[in-house]
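Just below is one structure, and these are the notes that go with it.
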Protein chains: 2
Amino acid sequence: MAEADWSHYRALEAVLSEGSLSAAARALGLTQPTVGRQIAELERRLGVVLFTRSPQGLHPTDVARDLRPHAQAMAAAAGALARAASGGAGEARGTVRITASEIVGAEVLPPILARLARAHPGIVIEQVLSNQAEDLLRGAADIAVRMVAPSQEALTARKIGVVRLGLYAHRSYLAHRPAPQSLEEMAGHAIVGFDHETPFLRELLRRLPVSREQFTYRADSDLAQLAAIRAGVGIGFIQHAIARRDPGLVELLAGQLPFELGIWVAMHEDLRASRRMRLTFDALAEGLAGYLAPPP
Amino acid sequence: MAEADWSHYRALEAVLSEGSLSAAARALGLTQPTVGRQIAELERRLGVVLFTRSPQGLHPTDVARDLRPHAQAMAAAAGALARAASGGAGEARGTVRITASEIVGAEVLPPILARLARAHPGIVIEQVLSNQAEDLLRGAADIAVRMVAPSQEALTARKIGVVRLGLYAHRSYLAHRPAPQSLEEMAGHAIVGFDHETPFLRELLRRLPVSREQFTYRADSDLAQLAAIRAGVGIGFIQHAIARRDPGLVELLAGQLPFELGIWVAMHEDLRASRRMRLTFDALAEGLAGYLAPPP
DNA sequence: GAGTTGTTATACGTTTTTGTATGGCTGAGG
DNA sequence: CCTCAGCCATACAAAAACGTATAACAACTC
């Protein structure tokens, strides 16, 4: 089996991600004929048809779909390598890629990262906001802030504490609908919730007398949900510390529905050797601990 | 940060593995000036010094050492990609890479794989014999036979059963030393054991009244240990099913020291879509079950 | 239906990369 | 001490890859 050029794998990954030769060429800083030739050469080397050509783009074959996770793993590793090289091990300089949930990344981390940036101007932060936790080992990110315990080995993880959640609605919603006074009264209300099944959602449905049909607003994006609650679309869960910032939000059934999630910071243990990784890890742990501490 | 050519990463991985530009060039099927230029270009792009040149080869800097795991991750993913492309998903054809311990790979698997090869001549088997279990997710192997429960997510694992171990020595050893009749009499004997600390070794030391100093023969290779016991060097643990094949081996303290290990077959769940992967997985599971079943 | 924007495919000149052929250097073995 | 085998660096010609320009086609907008 003739080992193919790794550059061709990169072209494959780009075409699979972007959906066409032209788009992949733009993403890679190359031209469309070049990417087209690389794909053709790769097909020749592998002895496999990867795409069916069409004027509105390429259509990946089953084989190409099978190859995609491997190509993405290569891309993740390549990114991790470039980041690792972006600063000497002993310097507070270089790039650090952080993954966190959308809520945490947009509502909680910014002030923490701002302090870090002031203290260490040489550190460049890249944020990846997603609810998928799968990618620390693959190198898609260096440090993760997660609401589930990191189960994987070879990870340095620290549990920071727990975030408490409560049910909230905006005044504008409560102007039309009386606030529920008990769990039972939730039955008729509009609820802002998730589109896809998640462990969090299953736990929620187990404890609340609501049905899926009551989720009158659904969005995969937690930030969109938060915005929807703030806009008065319906009732939903918000972290207390975030809800407190908006005086228009009213807590419902206070104390009747205790809900909390653990919060962890994790990174690959190999990265402890790097000063900027340790600094960022510690800044996140310390900053999140301050966020969790109840206000005076 | 100018994204570097992935081919240069490949050159970096090869130079780190092989130790010199010339050796890397041979491994890659290129020439020494080419690899040298690629490394120089990579250093320029990353803005980092990777190697200190010397007449007896290159010496990697600290930075290069930090980059190595990422480069290896890329190499593993590239290999997995090439294997995935080596046969259509629906065909019993292509390459499958199996990792197992040395003992299992050399003593147990061959007949199982021989049956598989007869039934499906299109499947090409690559074996990696090592005691490190870390590499299924990274793509360094497709299927693993392991003596520890696979803890990682995204893995399809099946527990086959348990292998029972016993203490054995060869007749030629017992000709000079009387066979121990109790655990206490083990104290003076020569023991064939492991060089490095392993979970297995710690468990062993906990249960046996022996000290590290009694390990008169140490080897990291389990196969070397097995050969040493067969040659009469000393006493050691062997799987019953393997020991039974050599009439010169005598079991010691039979029944007094029950020792067993679970055995699992695992692969990444993405690979279930491939027919040759499923076939190999099932052949391993079935063959190992037959190996574990006690003879009539 | 004409025009715009998207796509892939092909032809050709140029740039870049690669290989071959060197030379110089160090360390091991006779 | 000398030779030999390993290594890296450099010079130059050959080969491969790249970009530009262009054609052909589909879909969507006006």
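Values below: every heavy atom of this structure, side chains too, minus hydrogens, waters and symmetry copies. In what follows, chains are A, B, ... by sequence order, proteins preceding strands, each numbered from 1.
Between B:Thr31 and C:dT18, a side-chain N or O to OP1/OP2 separation shorter than 4.0 Å is absent. An OP1 or OP2 oxygen of C:dT7 is reached within less than 4.0 angstrom by a side-chain nitrogen or oxygen of A:Arg26.
Along DNA chain D, the nucleotide nearest to A:Thr34 and the one nearest to B:Ser22 differ in position, and the one closer to the 5' end is contacted by B:Ser22. Taking the nucleotide of DNA chain D with the nearest heavy atom to each of B:Pro33 and A:His8, the more 5' of the two is matched to B:Pro33.
Look at CD on B:Glu18: it is 15 Å from C1' on D:dC7, rounded to the nearest Å. Atom pair A:Ile39:CD1 and D:dA17:P shows a separation of 14 Å (rounding to whole Å applied). Going from atom CG of B:Leu30 over to atom P of D:dC8 covers 14 Å, rounded to whole Å. Regarding B:Leu50, its CG atom lies at a distance of 16 Å from the C1' atom of D:dC8, rounded to whole Å. One interatomic measurement links the two molecules: CG of A:Leu58 to P of C:dT8, which rounds to 5 Å at whole-angstrom precision. A straight line from CD of A:Gln32 to P of D:dA21 spans 14 Å, rounded to a whole angstrom. Rounding to whole angstrom units, NE2 of residue A:His59 and P of D:dA26 are separated by 17 Å. Here D:dT10 presents its C1' atom at 10 Å from CZ of B:Arg37, a figure rounded to the nearest Å.
Checked for salt-bridge contact, B:Arg278 and B:Glu269 miss the test: no charged N lies under 4.0 Å from a carboxylate O. Salt-bridge check for A:Glu41 with A:Arg45: passed, with a basic side-chain N closer than 4.0 Å to an acidic carboxylate O. Residues A:Arg10 and A:Glu13 are not paired through a salt bridge, judged by the lack of any N-O separation under 4.0 Å between the basic side chain and the carboxylate.
Looking at A:His170 and A:Ile229, their side chains never come closer than 4.5 Å, going by heavy atoms from C-beta outward.
For A:Gln38 against D:dA17, a side-chain-to-base donor-acceptor contact under 3.5 Å is absent.
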